[in-house]
Peer 1: 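Just passing along the structure, written as structure tokens.
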Amino acid sequence: MDAGMLKTQLLDSSTLSLEKAAAILRDGGLVAFPTETVYGLGGDATNAQAVAAIYAAKNRPQFNPLIAHFPTMASAAMHVSFPPLAERLAKHFWPGALTMVLEKKAESDICDLACAGLDTMAVRVPAHPVALDLLRKTNRPVVAPSANPSGRLSPTSSSHVIDALDGRIDAVIDAGPCSIGVESTIIAVREDAVRILRPGGIPTEEIAEVAGQEIATTGDNGIIEAPGMMSSHYAPNCALRLNASHPLPGEVFLGFGNTDFGPYCLSKSGNLQEAAANLFAMLREIESTGAHTIAVAPIPEQELGRAINDRLRRAAAPRE
Ligand code: TXA
Ligand code: MG
């Protein structure tokens with residue numbers, strides 16, 4: 001079967017269909033699935049190519065960090081650490097429309113691109129029975145932003161997904177309309193303090209009550225728009241020089257396309273999805289060599305190239 005020739009498959013929520021969907025996810029494909037909040041566009045969180053394909057399908061201009069979905073708190077706890085307060089909130093609100101940003105464990109195999117290079121990871125256990133069944137069958141962390149093109153409304157039915165993404169993703173599981181219809185509430189939990197990063201399906205008041213504390217909301221709308229605005233954002237320890245045609249003495253070159261300046265190349269064939277999948281891991285790898293400056297080849301300002309350039313410009317910007 002050549003998935004590239006097919007339009008998106010519409011699946012029902014039978015056991016057989018969910019097994020099919022899980023197999024697509026494990027093979028690196030993209031499956032939109034229902035949650036109680038909105039339909040998510042799922043991909044294997046451990047597969048950087050799959051994560052890059054999510055950004056491409058959504059036509060997202062930036063690499064926002066994504067939410068990893070799990071069937072249980074125990075499965076999430078293999079990838080992030082739960083301080084006691086986070087554990088208490090998880091036990092109360094999961095499965096449900098609460099997402100927690102927690103410290104990523106070193107042993108997690110979730111790819112850097114899914115976290116946009118951060119040391120934290122957003123995790124949630126959705127309440128929708130179809131989502132839970134799919135996650136159990138997939139048996140891997142599944143990242144899922146809302147299944148809509150960037151800048152458009154979140155989908156609350158499979159037909160919304162098909163209208164905008166038909167032919168751009170492998171499958172959509174139809175299970176009727178979402179019961180909540182707005183995205184999950186995102187909180188950051190650090191030791192004994194909770195902050196709201198995005199208001200959503202679970203009211204702040206309920207979280208405050210279970211947490212036993214008043215809760216501050218960040219910013220106007222509470223949404224962290226981009227990794228560059230986050231306190232712990234990834235910035236390499238070395239300088240970056242962008243749009244470099246070749247390395248100067250002492251620089252390590254990060255190529256794109258068929259160049260011949262050392263071992264690091266985002267994509268020999270000039271494929272932007274492959275480049276996106278490699279970006280964070282390669283920056284970290286070069287950083288770990290103790291390089292002083294990374295000279296980065298020009299990346300075309302189109303499709304995922306816009307997100308790659310956005311991230312490179314942030315990493316290259318002077319910092320305090
Ligand atoms: O209801 C939902 O949460 C839906 C369904 C499908 O689960 N998913 C969803 O994902 O809304 P998305 O991609 O729209 O939300 C991800 C947002 C990011 O844009 C960012 O604001 C925040 O979550 N986020 C993710 N990881 C983060 C991190 N490590 N630190 C801070 N914020 C993070
Ligand atoms: Mg969204």
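Just follow the structure's listing: the first ligand is 1, and inside any ligand the first atom is 1. All of these numbers come straight from a predicted model, not from anything done at the bench.
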Peer 1: Without hydrogens or angle criteria, can the side chains of N59 and R306 be said to hold a donor-acceptor pair below 3.5 Å?
Peer 2: yes
Peer 1: So which of S150, C178, A144 gets nearest to atom 8 (N) of ligand 1, if we judge by its closest heavy atom?
Peer 2: A144
Peer 1: Any carboxylate oxygen within less than 4.0 angstrom of a Lys/Arg side-chain nitrogen, looking at R313 and E301?
Peer 2: yes
Peer 1: Should you measure from each heavy atom of I67, which atoms of ligand 1 turn up under 4.0 Å away?
Peer 2: 3 (O), 8 (N), 9 (C), 10 (O), 15 (O), 16 (C)
Peer 1: Answer yes or no: is there an ion pair linking E19 with R136, defined by an N-O contact shorter than 4.0 Å?
Peer 2: no
Peer 1: Heavy-atom contact check, 4.0 Å cutoff: does E36 meet ligand 1?
Peer 2: no
Peer 1: Does any N or O in the side chain of S158 come within less than 3.5 Å of the main-chain N or O of I173, such that one atom is a donor and the other an acceptor?
Peer 2: no
Peer 1: Testing the basics here: between L89 and V210, what is the closest heavy-atom pair and its distance to 0.1 Å?
Peer 2: CD2-CG1, 3.8 Å
Peer 1: Mind checking who shares a hydrophobic cluster with I180, ILVMFWY linked at side-chain heavy-atom distances under 4.5 Å?
Peer 2: V182
Peer 1: Could you tally the protein N/O/S atoms lying less than 2.8 Å away from the Mg ion (ligand 2)?
Peer 2: 1
Peer 1: Among R198, M121, E183, which one puts a heavy atom closest to atom 14 (O) of ligand 1?
Peer 2: R198
Peer 1: So, for H128 and F33, is the gap between ring centers shorter than 6.0 Å?
Peer 2: no
Peer 1: Quick test of your reading of the model: are D119 and K104 salt-bridged, counting only N-O distances below 4.0 Å?
Peer 2: no
Peer 1: Short list, please: which atoms of ligand 1 are under 4.0 Å from a heavy atom of L118?
Peer 2: 28 (C), 29 (N), 30 (N)
Peer 1: With a 4.0 Å heavy-atom cut-off (strictly under), which part of E103 contacts ligand 1: side chain, backbone, both or neither?
Peer 2: neither
Peer 1: Can you list the ligand 1 atoms lying under 4.0 Å from a non-hydrogen atom of I186?
Peer 2: 17 (C), 22 (C), 23 (O)
Peer 1: Which is closest to atom 16 (C) of ligand 1 in terms of heavy atoms, P65, A32, A122, P145?
Peer 2: P65
Peer 1: With heavy-atom distances below 4.5 Å as the criterion, would you say the side chains of I162 and H160 are in contact?
Peer 2: no
Peer 1: List ligand 1 atoms under 4.0 Å from G40, heavy atoms only on the residue side.
Peer 2: 6 (C)
Peer 1: Taking all heavy atoms of L66 and all of M121, pick out the closest pair and write down the distance.
Peer 2: O-CE, 3.6 Å
Peer 1: Go through the side-chain N and O atoms of S184 and T37 and say whether any donor and acceptor fall under 3.5 Å apart.
Peer 2: no
Peer 1: Taking non-hydrogen atoms only, is T120 closer than 4.0 angstrom to ligand 1 via side chain, backbone, both or neither?
Peer 2: both
